[in-house]
Amino acid sequence: MAYGFSPGVSGCVADGRLIILDVAADRYRMLPPAAETAILRHFHGDGLQCGDERALARLLANGILQVQPDGVGGQLCGHALPELSFFDDPWRTPGAVAVARAALSVVRAMADLRLRGLARTLEAFPRSNSSPAAALSCSQRHAAAFAELRLIMRTLDRCLPLSIALARTARRSDGDIRLVIGVKLDPFGAHAWVQRGNVVLNDRLDAVVPFTPILVR
């Protein structure tokens, strides 16, 4: 029998340990060693050992795993970290209206997270309705507006609403935009950013690379 993460659950290996993100519960968790080992063996296609089936059955019962109808085992998040940053090069300064719109979109994202939670906020992400030729320039304009916004607002502990706001804004014109949430250990930390291909649009590279992607939308 093949197992995968249940909808709304994702995982990655960061600093040698399996970390689980339950989006519906808006919480991170680490599993007992036996359960962690069983999941990793199963996802990697290694032969299960004594006790692994019991551990997987418990994870199935508590909703972390589900049976895969196609018979193919689940996977960990394998999104590649960015290699470049939009901040590396000078950007064209946007007008005050663009920055004000960016600020308003951040306020809306904060309200959505508070009132609707992370899962429902992510479910409402828009789809792109623009041509590929126009997508990159549109994303650069949006990134510039949010970059200017970072210079005038306090961004500490606001990476998630800032990234959600930029991703929602830019994705309307660019289907290659991705919201990425990453984690690290020792000490534990989580970070969110917006990525287009191998470029992070709203942060510096050295602020992002310590984190391992656990969820991509």
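Hydrogens, waters and symmetry mates play no part in the numbers below; they use all other heavy atoms, side chains included. Positions are given from 1, in the same order as the sequence printed here.
- Across Q49 and D52, no two heavy atoms sit closer than the pair N-OD2, 2.8 Å.
- Tracing side-chain contacts under 4.5 Å through hydrophobic residues (I, L, V, M, F, W, Y), one never reaches V183 starting from V9; they form parts of separate clusters.
- Atom CG of residue D15 and atom NZ of residue K184 lie 8.0 Å apart, to the nearest 0.5 angstrom.
- Cluster membership check: V180 does not share its hydrophobic cluster with L76, using side-chain heavy-atom separations under 4.5 Å among Ile, Leu, Val, Met, Phe, Trp and Tyr.
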Between R158 and V106, does a side-chain contact (heavy atoms from CB on, under 4.5 Å) hold up when you go through it step by step? CA-CA 9 Å; R158 292 184 177 176; V106 173; 5.8 Å; no
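- Donor-acceptor pairing under 3.5 Å is lacking for the side chains of D174 and H142.
- The 12-atom threshold is not exceeded at CZ of R108, counting heavy atoms of other residues, nucleotides or ligands nearer than 6.0 Å.
- With contacts defined as side-chain heavy-atom distances shorter than 4.5 Å, the pair L215/L122 qualifies.
- With sequence neighbours left out, the side-chain contact (heavy atoms from CB on, under 4.5 Å) criterion links D186 to no other residue.
- Of the possible polar contacts, one joining the Q195 side chain to the A80 backbone as a donor-acceptor pair under 3.5 Å is found.
- Panel note: side chain S6, backbone L65; a donor-acceptor pair is recorded below 3.5 Å.
- For the pair Q66 and P7, the minimum side-chain heavy-atom distance is below 4.5 Å.
- Taking each heavy atom of A98 and A145 in turn, the nearest pair found is O-CB, 3.8 Å.
- Note on I152 and F86: same hydrophobic cluster, where clusters join Ile, Leu, Val, Met, Phe, Trp and Tyr whose side-chain heavy atoms are under 4.5 Å apart, directly or indirectly.
- Judged by distance alone, with hydrogens and angles left aside, the side-chain atoms of R41 form no donor-acceptor pair with the main-chain N or O of D46 at under 3.5 Å.
- Side-chain contact check for S105 versus F146: some heavy-atom pair is nearer than 4.5 Å.
- Contact detail for I64 and L31: the closest heavy-atom pair is CD1-CD2, 3.9 Å.
- In this structure, SG in C12 is found 11.0 Å from CD1 in I181, a value given to the nearest 0.5 Å.
- With rounding to the nearest 0.5 angstrom, the OG atom of S85 is 8.0 Å from the CG atom of L201.
- How far NE2 of H79 is from CZ of R178: 8.0 Å, rounded to the nearest 0.5 Å.
- Between P213 and C77, the closest side-chain pair of non-hydrogen atoms falls below 4.5 Å.
- The shortest distance between side-chain heavy atoms of S137 and R141 falls below 4.5 Å.
- Note that CG of D88 and CH2 of W91 are 10.0 Å apart. Values are rounded to the nearest 0.5 Å.
- Between V194 and R196, every side-chain heavy-atom pair lies at or beyond the 4.5 Å cut-off.
- A side-chain donor-acceptor contact under 3.5 Å links H42 to the backbone of Y3.
- Considering all non-hydrogen atoms of both residues, R150 and D203 come closest at NH2-OD1, 3.9 Å.
- Side-chain contact between L113 and L118: present, with at least one pair of heavy atoms (C-beta onward) separated by less than 4.5 Å.
- More than 12 non-hydrogen atoms from other residues, nucleotides or ligands lie less than 6.0 angstrom from CZ of R116.
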Check: residues 161-169 side-chain donor-acceptor pairs under 3.5 Å, at least two apart:
unit_1	atom_1	unit_2	atom_2	d
S163	OG	C159	O	2.8
S163	OG	A192	O	3.1
S163	OG	W193	N	3.4
S163	OG	N202	ND2	3.0
R168	NH1	D112	OD2	2.8
R168	NH2	D112	OD2	3.1
T169	OG1	A165	O	2.8

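- The hydrophobic clustering, which links ILVMFWY residues whose side-chain heavy atoms are closer than 4.5 Å, places I20 and Y28 apart.
- Nearest heavy atoms, I214 versus I19: CD1-O, 3.4 Å.
- The CG atom of D22 sits 11.0 Å away from atom CZ of F5, with the distance rounded to the nearest 0.5 Å.
- Scanning all heavy atoms of the two residues, the minimum distance from T212 to V13 falls at CG2-O, 3.7 Å.
- Hydrophobic clustering keeps L160 apart from V200 (ILVMFWY residues linked when any side-chain heavy atoms are closer than 4.5 Å, directly or through intermediates).
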